Amino acid sequence: MRNFYDFTKIEKKWQKYWEEKELFKTRKKNEKENYYVLEMFPYPSGKLHMGHVRVYSIGDVIARFKRMKGFNVLHPMGWDAFGLPAENAAIKHGNIHPREWTWENIKSMKEQMKALGLSYDWKKEVATADPDYYRWTQWFFIQMYRNNLAYKKEQAVNWCPSCETVLANEQVINNRCERCDSIVEQKELEQWFLKITDYAEELLEGHAELDWPQRVKTMQKNWIGKSEGLSIRFPIGEIEEELEVFTTRPDTIYGATYMVLAPEHPYVDQLISGQPNEDEIRNFIKKVKSQAEMERTSPQSSKDGIFTGSFAINPMTQQEIPIYIANYVLMGYGTGAIMAVPAHDQRDFDFAKKYDLPIKAVIQPHDLEEKLNGATMKKARSDDGYLINSQRFNGLTVQKAFETIADYMEKENIGERKINYRLRDWLISRQRYWGAPIPMIHCEKCGTVPVPEKDLPVLLPDDVKLSTTGVSTLAESKEFVNTTCPKCGGPARREIDTMDTFVDSSWYFLRYIDPNNQKLPVSYQKAKEWFPVNQYIGGIEHAILHLLYARFFTKVIRDLGLIEANEPFSKWLAQGMVLKDGDKMSKSKGNVVDPGKILKEYGADTARLFILFASPPEKDLEWSDAGVEGASRFLNRVWRYIVNNLDEINKIDVSQVDIKQDDLNDAEKELHRKLHETIEKVTEDVEERLNFNTAISAIMELVNEIYHYLKNNSDNINKELLAFVTEKLLLLLAPFAPHISEELWHKLGHDESVHRVKWPQFNKEAAKKDEITVVIQINGKVRDKINVSADITEEKLKEKVFIQKKVKKYIEGKEIIKTIVIPKKLVNIVVK
RNA sequence: GCCGAAGUGGCGGAAUUGGCAGACGCGCCGGAUUCAAAAUCCGGUGGGGUUAGACUCGUAUGGGUUCGAGUCCCAUCUUCGGCACCA
């Protein structure tokens with residue numbers, strides 16, 4: 001299509017102007033309210049994709065809108081700059097350092113962002129790979145270490161053979177690496193962990209104060225996985241120990257007919273030593289341990305086990321029950337041991353059937369007539385009911401029995417109430433180079449010692465050869481590894497692992513507030529002024545990972561006394577993906593649309609407008625070339641209208657225009673009314689609903705209305721009104737299509753930027769309709785419509801309705817049962 | 001298996017608190033303009049029915065509540081997402 005305006009020239013011109021005038025610099029004026037809007041920062045891959053265009057366009061509309069609304073706006077951008085791709089690129093190309101690669105990419109992505117006309121305050125820019133930044137990442141690690149929130153532990157960890165590093169639980173999806181999709185292996189390694197479990201409860205409770213999508217809170221809630229139950233001790237005669245189990249169903253304890261240990265359970269060795277079939281048992285354990293996690297933890301896979309030869313005593317019945325080892329019990333949850341109640345748990349039931357263990361029914365379902373019999377059951381029953389075969393507790397409902405038995409056990413010292421979480425501590429060690437070094441030193445004499453704060457940052461060394469050997473690259477640098485112990489001054493070795501990049505991104509939103517602070521990560525006072533983030537925007541894929549870690553860090557930083565806020569992001573908009581042909585855009589599918597190409601062919605304003613108009617922000621968006629044409633057509637339509645009528649309207653000083661409703665004729669009133677209706681709609685859609693698609697459609701309606709007015713009143717144009725409406729139109733359009741709005745604004749004779757002008761005020765009186773259409777229904781079906789004065793009384797309205805010809809036709813000879821009047825909307829007559 | 005979200009014209013989507021279903025855009029059809037086309041401007045556009053109207057059906061399916069349901073309730077189907085031996 002032909003363009004009527006030269007977007008390339010215009011967009012460049014205003015981008016330059018905005019930069020020179022520092023239009024988007026964060027200003028702190030005390031009489032104005034602060035507003036912090038933030039989009040998730042990108043990994044600097046070098047090229048923006050459509051998903052980026054979408055999230056940054058959304059954030060930019062909000063930032064520009066809030067500025068016009070009179071807020072001091074903080075709208076920063078930065079780079080999640082550590083990570084594997086840089087390292088892999090370096091290995092692949094041989095001679096380029098990850099640092100160079102990363103900074104090159106940052107440069108080109110920044111250019112693309114500027115070409116999109118995004119209104120960032122670039123003075124606040126941060127990059128996590130900048131020593132000035134990771135110095136504080138390391139500082140936080142040390143603070144956590146000092147507060148017992150960081151610890152080193154050897155345990156089986158998730159190992160990605162392709163990325164050659166360990167992964168956090170959150171980074172394992174369906175037993176595959178979330179980055180590269182390789183099957184994750186288990187490895188016994190000594191690694192650093194952050195104690196996120198200390199905050200499990202607060203992370204759950206904190207949801208109450210967050211304006212986040214419910215489904216995201218639910219995802220986090222499931223991930224944290226709180227369950228309330230009892231910790232119960234079962235004596236074991238043979239080894240004079242007690243076996244502790246966790247259960248959420250203490251009410252079923254009389255149905256516990258056997259125990260199961262995870263193969264890794266610490267008692268296993270003691271229990272099986274000297275058993276006649278010890279070798280057989282050891283072989284079984286070996287086999288289970290070698291089973292892939294996936295195979296072992298899938299509910300479909302078979303439940304295999306073996307008898308240990310030992311018995312435990314059910315503390316309620318005093319009966320001996322056998323102890324088994326089985327693959328379906330995991331060391332990682334609870335105590336790694338369970339009491340098995342086959343009658344009421346399907347897993348235990350399957351196992352009992354397989355190994356011919358007794359099944360004892362202890363909960364009688366409410367809706368079952370015959371008595372439940374363990375011997376004849378076909379599957380476990382976990383429905384609600386009352387207790388049977390449970391001695392003195394018989395007849396109690398499940399809920400009542402839980403409390404009664406828990407009280408009893410606590411009194412008798414058999415067990416106590418306990419809360420268990422599914423959430424694990426966060427494993428942050430990575431055996432890779434391009435990350436923040438863990439600032440710890442190992443000394444033979446003094447043990448593990450943190451690097452003194454004055455020595456931070458621990459810089460990444462340059463004298464290494466990057467490779468994928470599975471051994472931390474940093475080990476290669478003698479200069480790096482060999483150091484002296486800060487405590488005793490003796491020879492010592494540095495930690496050679498780097499931190500998970502999710503650590504870097506768990507606090508970046510604080511550094512934007514105070515990026516040049518050399519004394520602290522962020523000043524208390526500035527954090528108080530700007531934090532928490534008012535509006536955060538990003539992809540739903542971070543619902544658990546980044547958003548949970550960031551919340552955890554915020555709470556830790558608060559407890560360190562650095563900030564006051566409990567939560568980092570008051571409000572979060574989870575934006576949907578950009579699809580093409582119903583699929584996520586990806587190189588392998590060959591359905592990628594390059595933003596660069598769209599920018600070149602249509603310009604930034606069109607790209608932004610299309611992507612905001614095509615779908616509400618939280619939903620997935622189907623890319624459409626025809627839709628882009630439509631957006632471009634609309635902007636040209638605005639341009640054409642204003643340029644063609646410039647002579648009429650640019651001589652008018654709108655600030656001196658006072659539109660008086662009473663002086664307008666009907667057509668003018670209608671146009672003026674439409675303007676105010678549009679202001680109201682756009683304001684509400686942007687401010688509260690974040691529905692930019694409907695805001696844009698409202699602006700389109702206003703433009704249609706202007707064309708309509710011009711056509712029907714060509715001989716009698718009210719220039720003052722037209723100029724007034726046109727200026728407001730440009731203000732409404734400015735956050736969405738900032739360049740064309742700026743150009744046209746200046747064409748109208750203004751010297752100041754359109755983005756500095758106050759957002760238009762909506763006038764309720766002007767938006768009011770004199771005449772309204774009321775729908776007439778007979779028995780709920782629309783039969784007629786009438787136009788009446790807007791302030792008509794209910795009585796008068798009814799009167800008018802009943803004399804309508806159509807109404808008469810429908811009610812003739814019928815009995816009127818009632819008449820429902822909804823003021824200003826409809827009248828429904830019910831007849832029989 | 002469990003939990004959650006969604007399902008509306010040919011397409012993207014709108015309907016915000018239970019009150020005119022389909023705003024706005026795309027596509028398509030017709031008209032104006034043009035030597036012609038593109039672009040632009042104007043009009044039409046859920047299905048059936050009809051010269052036209054009247055009328056009628058219609059928001060995944062089946063039921064329900066209500067004067068009135070895309071919206072609330074119950075059941076079912078489909079799609080997507082999360083969790084998945086969590087004791």
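In the text below, chain A, chain B and the rest are named by the order of the sequence lines, each starting its count at 1. Bear in mind that the values here come from a model prediction, so they are computed numbers and not experimental data.
Considering only side-chain atoms of A:E684, the nucleotide from B:rA87, B:rC24, B:rU16 that sits closest is B:rU16. The side chain of A:N693 sits closest to B:rA14 out of B:rC85, B:rA23, B:rA14. You'll find that the side chain of A:V782 is closest to B:rC20, out of B:rC83, B:rC85, B:rC20. Taking the side chain of A:M700 as heavy atoms from C-beta on, and the options B:rC83, B:rA87, B:rG25, the nearest nucleotide is B:rG25.
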Could you write out RNA chain B as a dot-bracket string, with dots for unpaired bases, | for bases paired across to another strand, and Watson-Crick or G-U pairs counted at under 3.5 Å?
(((((((..(((......[....)))((((((.......))))))(((......)))..(((((..]....))))))))))))....
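If you check every strand for non-hydrogen atoms under 4.0 Å, A:Q214 touches nothing. Within the 4.0 angstrom heavy-atom criterion, no nucleotide atom of any strand lies near A:K221. Here A:G627 lies out of heavy-atom contact (under 4.0 Å) with every strand. Heavy atoms of A:S227 sit under 4.0 angstrom from primed sugar atoms or phosphate atoms, though from no base atom. Contacts of A:S624 with the nucleic acid, taken as non-hydrogen atoms under 4.0 Å apart, are absent.
In this structure, A:R640 is positioned above the aromatic face of A:F4, its NZ or CZ under 6.0 Å from the six-membered ring centre and within 45° of the axis.
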In the 5'-to-3' direction, what one-character label does each nucleotide of nucleotides 3-12 of chain B receive under the scheme B = base within less than 4.0 Å of a protein heavy atom, S = sugar-phosphate only, - = no such atom?
---------B
Encode nucleotides 62-72 of chain B as B, S and - characters from 5' to 3', where the letter depends on protein heavy atoms closer than 4.0 Å: B to the base, S only to sugar-phosphate, - to neither.
-----B-----
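Partners of A:K785 under the side-chain hydrogen bond (donor to acceptor under 3.5 Å, both in side chains) rule, at least two apart in sequence or in another chain, do not exist in this structure. Partners of A:E228 under the side-chain hydrogen bond (donor to acceptor under 3.5 Å, both in side chains) rule, at least two apart in sequence or in another chain, do not exist in this structure. Judged as a ring pair (Phe, Tyr, Trp, His ring centres under 6.0 Å), and not counting sequence neighbours, A:F802 has no contacts. Residues satisfying the side-chain hydrogen bond (donor to acceptor under 3.5 Å, both in side chains) test with A:N779, not counting sequence neighbours, are none. Under the salt bridge (charged side-chain N to carboxylate O under 4.0 Å, His left out) criterion, A:K353 pairs with no residue, sequence neighbours left out. By the side-chain hydrogen bond (donor to acceptor under 3.5 Å, both in side chains) test, A:E201 is found to be paired with A:K226, A:Y421, residues two or more places apart in sequence or in another chain being considered.
Using bins of under 30°, 30° to 60° and over 60° for the plane-to-plane angle, the ring pair A:W426/A:Y549 lands in the parallel bin.
Here the P atom of nucleotide B:rG25 and the CG atom of A:L612 are 17 Å apart, to the nearest Å.
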Contact list (N/O, under 3.5 angstrom) for nucleotides 56-58 of chain B vs protein:
unit_1: B:rU56; atom_1: OP2; unit_2: A:R783; atom_2: NH1; d: 3.1

Quick test: give all pairs of protein nitrogen or oxygen and nucleotides 41-48 of chain B nitrogen or oxygen below 3.5 Å, distance rounded to 0.1 Å.
unit_1: B:rC41; atom_1: OP1; unit_2: A:R637; atom_2: NH1; d: 2.8
unit_1: B:rC41; atom_1: OP1; unit_2: A:R640; atom_2: NH2; d: 3.0

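A side-chain N or O of A:H708 and one of A:N712 form a donor-acceptor pair less than 3.5 Å apart.
Closest approach of A:A312 and A:F234 over heavy atoms only: CB-CB, 4.2 Å.
Electrostatic pairing of A:K354 and A:D304 counts as a salt bridge here, judged by a charged N lying under 4.0 Å from a carboxylate O.
Taking side-chain N and O atoms only, A:N420 has no distance below 4.0 Å to OP1 or OP2 of B:rC86.
In B:rG49 the O4'-C1'-N dihedral to the base is more than 90° from 0, which defines an anti nucleotide.
B:rG18 and B:rA23: their P atoms are spaced 23 Å apart (whole Å).
Counting only residues at least two apart or on different chains, the side-chain hydrogen bond (donor to acceptor under 3.5 Å, both in side chains) pairs with a member in residues 690-701 of chain A are A:K674-A:E701, A:D685-A:T694.
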Does A:I359 form a side-chain contact (heavy atoms from CB on, under 4.5 Å) with A:T257? I'd like the steps, not just the answer.
CA-CA 7 Å; A:I359 298 170; A:T257 53; over 6 Å; no
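Paired with A:F610 under the rule ring pair (Phe, Tyr, Trp, His ring centres under 6.0 Å), one option of A:W623, A:F736, A:Y602, A:F634 passes, and it is A:W623.
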